[in-house]
Amino acid sequence: MAEAVEQDIIDAVRRFVERDVIPVASEFEHRDEYPHALVATMRELGLFGATIPAEHGGLGLNFETYARIMEELSRGWMSLAGVINSHLIMAYIIAHHGTVEQKSYFLPAMARGEKRGGLALTEPHAGSDVQAIRTTAVRKGDSYALSGSKMFITNARHGTMLAVAAKTNPAAAPPYAGISMFAVEKSERGPAVSANLKKLGYKGIDTCEVVFDELAVPATHLIGAREGEGFKQVMSALEVGRINVAARAVGVAQAAFESAIRYSQQRTTFGKPICQHQAVQLMLADMATRIEAARLLVTNAAQKKDRGERCDVEAGMAKLFASEACAKISLDAMRVLGGYGFMADFPVERFYRDAPLMMIGEGTNEIQALVIARGLLQRYAL
């Protein structure tokens, strides 16, 4: 019965993508316009509560189903998956590390999409090197004063709250032991959100710099109510984020492949459809094979996460392979379409511009390779 319900949700998302997203995605993307109506429909579908436990009002979906939903959304427009990803990373941190009071206060409203979250981790000088963050949180009575800036924050403008990483003990050794996570609700007091950052792709979604200037945050919003636990909390959540990004890459790659194989059967050269030319057939076969391999890697990582096992290696493998495959497939799709692939009237150029984000987001692919290697050396230690 559970599998049937999950398949029904996936099918509902697919219908939403076909009916509402694909017809308007390029138009919104080219205008770099936030898709309020599409986000509202995702809220009605319950996607803001996709992985939030049912006891807190969410759908309680497993991560394998969640990955398939993210693939479907990204096949229509990758930016939509980003709205959900950042929100559910914050929800994961609260659900798995928050106090009973924090769970009951935040999660039901997050599941309904009334409170919408984001992750404020990256800083102008600190991306993959999380330990190098400089944002501080100083205890002052019943609150903490947060000071610092965060960069490239999704949902910064249209979200209502952020999971913020800050150092409660800047002198801690090792540095990660001084990091704590805070659930920060936006108000007229702050934080200050910059103008939307101009991007190559991933458009239509708010990505901003966020500045904290002695912003008072209630001590009750220290996630888990213990200082120094933030690094562990956010690293466990980033496994979810990397599965999400890998699934997004599969979705964009699938969309690029579908555009290419359709066009190859419609376009004729030298008296026959180009799909009958061996050079095009080789590209199509390679594209489809890479997509299937990437999808299986995502499924493997998600299933391991569902079993409650550590999956940093598997999530890293999925994110590394799927994002690199997506970049190649989107370029190969442009080759198949030729000049039309370079035109804004066709979606392939959008896929090509969106693809690099997956190689950078949730930890660069170079970092993924190091994570994979460290994990393998631990598993195969002599």
Asks: Between the side chain of His87 and the main-chain N/O of Gly117, is any donor-acceptor distance below 3.5 Å?
Replies: yes
Asks: Please evaluate residues Asp286 and Arg290 with respect to the criterion salt bridge (Lys or Arg N to Asp or Glu O under 4.0 Å), reporting the C-alpha separation (whole Å), side-chain torsions for both, the decisive distance (0.1 Å), and the verdict.
Replies: CA-CA 6 Å; Asp286 181 75; Arg290 289 175 188 270; 2.7 Å; yes
Asks: Per the side-chain contact (heavy atoms from CB on, under 4.5 Å) rule, which among Leu162, Asn244, Ile153, Thr154 passes with Ser86?
Replies: Thr154
Asks: Nearest 0.5 Å, please: how far is CD in Glu72 from CD in Glu18?
Replies: 8.0 Å
Asks: Quick one: side chains of residues 351-362, donor-acceptor pairs under 3.5 Å with protein atoms, not counting sequence neighbours, listed by atom name and distance.
Replies:
unit_1 : atom_1 : unit_2 : atom_2 : d
Arg353 : NE     : Glu349 : OE1    : 2.8
Arg353 : NH1    : Glu29  : OE2    : 2.8
Arg353 : NH1    : Leu200 : O      : 2.9
Arg353 : NH2    : Glu29  : OE1    : 2.8
Arg353 : NH2    : Glu29  : OE2    : 3.2
Arg353 : NH2    : Glu349 : OE1    : 3.2
Arg353 : NH2    : Glu349 : OE2    : 3.3
Asp354 : OD1    : Tyr202 : N      : 2.7
Glu362 : OE2    : Asn85  : ND2    : 2.9

Asks: Under 3.5 Å, is there a donor-acceptor pair between the side chain of Lys203 and the main chain of Arg350?
Replies: no
Asks: Find out if a path of hydrophobic residues (ILVMFWY) with successive side-chain heavy-atom gaps under 4.5 Å connects Val280 to Val348.
Replies: yes
Asks: Look only at the side chain of Lys167 and the backbone of Gln131, and say whether a donor-acceptor pair between them is shorter than 3.5 Å.
Replies: yes
Asks: Search all heavy atoms of Gly46 against all heavy atoms of Leu59 and return the closest pair with its distance.
Replies: O-CD1, 3.4 Å
Asks: Going by the angle between their ring planes, with limits at 30° and 60°, are His277 and Phe270 parallel, tilted or perpendicular?
Replies: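 Geometry flag for Phe270 against His277: perpendicular rings.
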Asks: Test Ile69 against Thr65 for side chain to side chain contact (heavy atoms under 4.5 Å, CB included), laying out the working first.
Replies: CA-CA 6 Å; Ile69 289 171; Thr65 301; 4.2 Å; yes
Asks: Quick one: CE on Met110 to CZ on Phe48, what's the gap to the nearest 0.5 Å?
Replies: 10.0 Å
Asks: To the nearest 0.5 Å, how far apart are CZ in Arg262 and CZ in Phe257?
Replies: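 If I round to the nearest 0.5 Å, the distance is 10.0 Å.
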Asks: About how many Å separate CZ of Phe28 and CG of Leu80, when rounded to the nearest 0.5 Å?
Replies: 9.5 Å
Asks: Verify, without hydrogens or angle tests, whether Asn196 (side chain) and Asp206 (backbone) share a donor-acceptor contact under 3.5 angstrom.
Replies: no
Asks: Going through the distances and angles, do Met235 and Tyr176 end up as a side chain to side chain contact (heavy atoms under 4.5 Å, CB included)?
Replies: CA-CA 11 Å; Met235 286 300 108; Tyr176 68 79; over 6 Å; no
Asks: Quick check against the 3.5 Å criterion: does Arg226 have a side-chain atom that pairs as donor or acceptor with the backbone of Ser180?
Replies: no
Asks: Rounded to the nearest 0.5 Å, how far apart are CG of Leu296 and CG of Asn300?
Replies: 8.5 Å
Asks: For Arg295 and Glu292, what are the C-alpha separation, side-chain angles and deciding distance, and is it a salt bridge (Lys or Arg N to Asp or Glu O under 4.0 Å)?
Replies: CA-CA 5 Å; Arg295 186 177 287 120; Glu292 187 63 19; 3.3 Å; yes
Asks: Pairs of donor and acceptor atoms involving the side chains of residues 93-101, under 3.5 Å and at least two apart or interchain, shall be tabulated with distances.
Replies:
unit_1 : atom_1 : unit_2 : atom_2 : d
His96  : ND1    : Tyr92  : O      : 3.1
His97  : NE2    : Ser236 : OG     : 3.0
Thr99  : OG1    : Gln102 : N      : 3.1

Asks: Check for a donor-acceptor pair, side chain of Glu71 on one end and backbone N or O of Ala247 on the other, with a separation under 3.5 Å.
Replies: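 Not a single qualifying donor-acceptor pair exists.
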Asks: Which pair of non-hydrogen atoms, one from Pro170 and one from Thr136, has the smallest distance, and what is that distance?
Replies: CG-CG2, 4.2 Å
Asks: Just wondering, do Leu38 and Met42 contact through their side chains at under 4.5 Å, heavy atoms?
Replies: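 Contact flag for Met42/Leu38 side chains = no.
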Asks: Donor-acceptor check, side chain of Glu123 to backbone of Arg134, threshold 3.5 angstrom: yes or no?
Replies: yes
Asks: Find the distance between NE2 (His158) and SG (Cys208) and round it off to the nearest 0.5 Å.
Replies: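 Spacing of NE2 (His158) from SG (Cys208) equals 8.0 Å.
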Asks: Would you mind reporting whether Met151 and Leu197 have side-chain heavy atoms less than 4.5 Å apart?
Replies: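 Side-chain contact under 4.5 Å: yes.
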Asks: Can you check whether Lys150 reaches Phe212 side chain to side chain, under 4.5 Å on heavy atoms?
Replies: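 Yes, their side chains come closer than 4.5 Å.
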Asks: Answer yes when Glu314 and Lys305 have at least one side-chain N-carboxylate O distance shorter than 4.0 Å, and no when they do not.
Replies: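 Between Lys305 and Glu314 there is no salt bridge, as every charged N stays at least 4.0 Å from the carboxylate O atoms.
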Asks: Passes side chain to side chain contact (heavy atoms under 4.5 Å, CB included), Leu297 versus Leu320? Steps please.
Replies: CA-CA 10 Å; Leu297 281 168; Leu320 173 62; over 6 Å; no
Asks: Closer than 3.5 angstrom, by distance alone: can the side chain of Thr135 be matched with the main-chain N or O of Gly148 as a donor-acceptor pair?
Replies: no
Asks: Write down the atom of Ser147, the atom of Glu214, and the distance for their closest heavy-atom approach.
Replies: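 Scanning both residues, the minimum pair turns out to be OG-OE2, 3.0 Å.
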Asks: Is the side chain of Asp306 donor-acceptor paired with the backbone N or O of Glu64 at a distance under 3.5 Å, no angle test?
Replies: yes
Asks: So, do Val83 and Leu47 sit near enough that their side-chain heavy atoms are less than 4.5 Å apart?
Replies: no
Asks: Are any side-chain N or O atoms of Lys140 and backbone N or O atoms of Ala216, one a donor and one an acceptor, separated by less than 3.5 Å?
Replies: no
Asks: Carefully, step by step, assess Asp332 and Arg335 under the rule side chain to side chain contact (heavy atoms under 4.5 Å, CB included).
Replies: CA-CA 5 Å; Asp332 284 348; Arg335 287 188 168 116; 3.0 Å; yes
Asks: Taking all heavy atoms of Ile205 and all of Ser79, pick out the closest pair and write down the distance.
Replies: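 Distance-wise, the nearest heavy atoms are CG1-CB, 3.2 Å.
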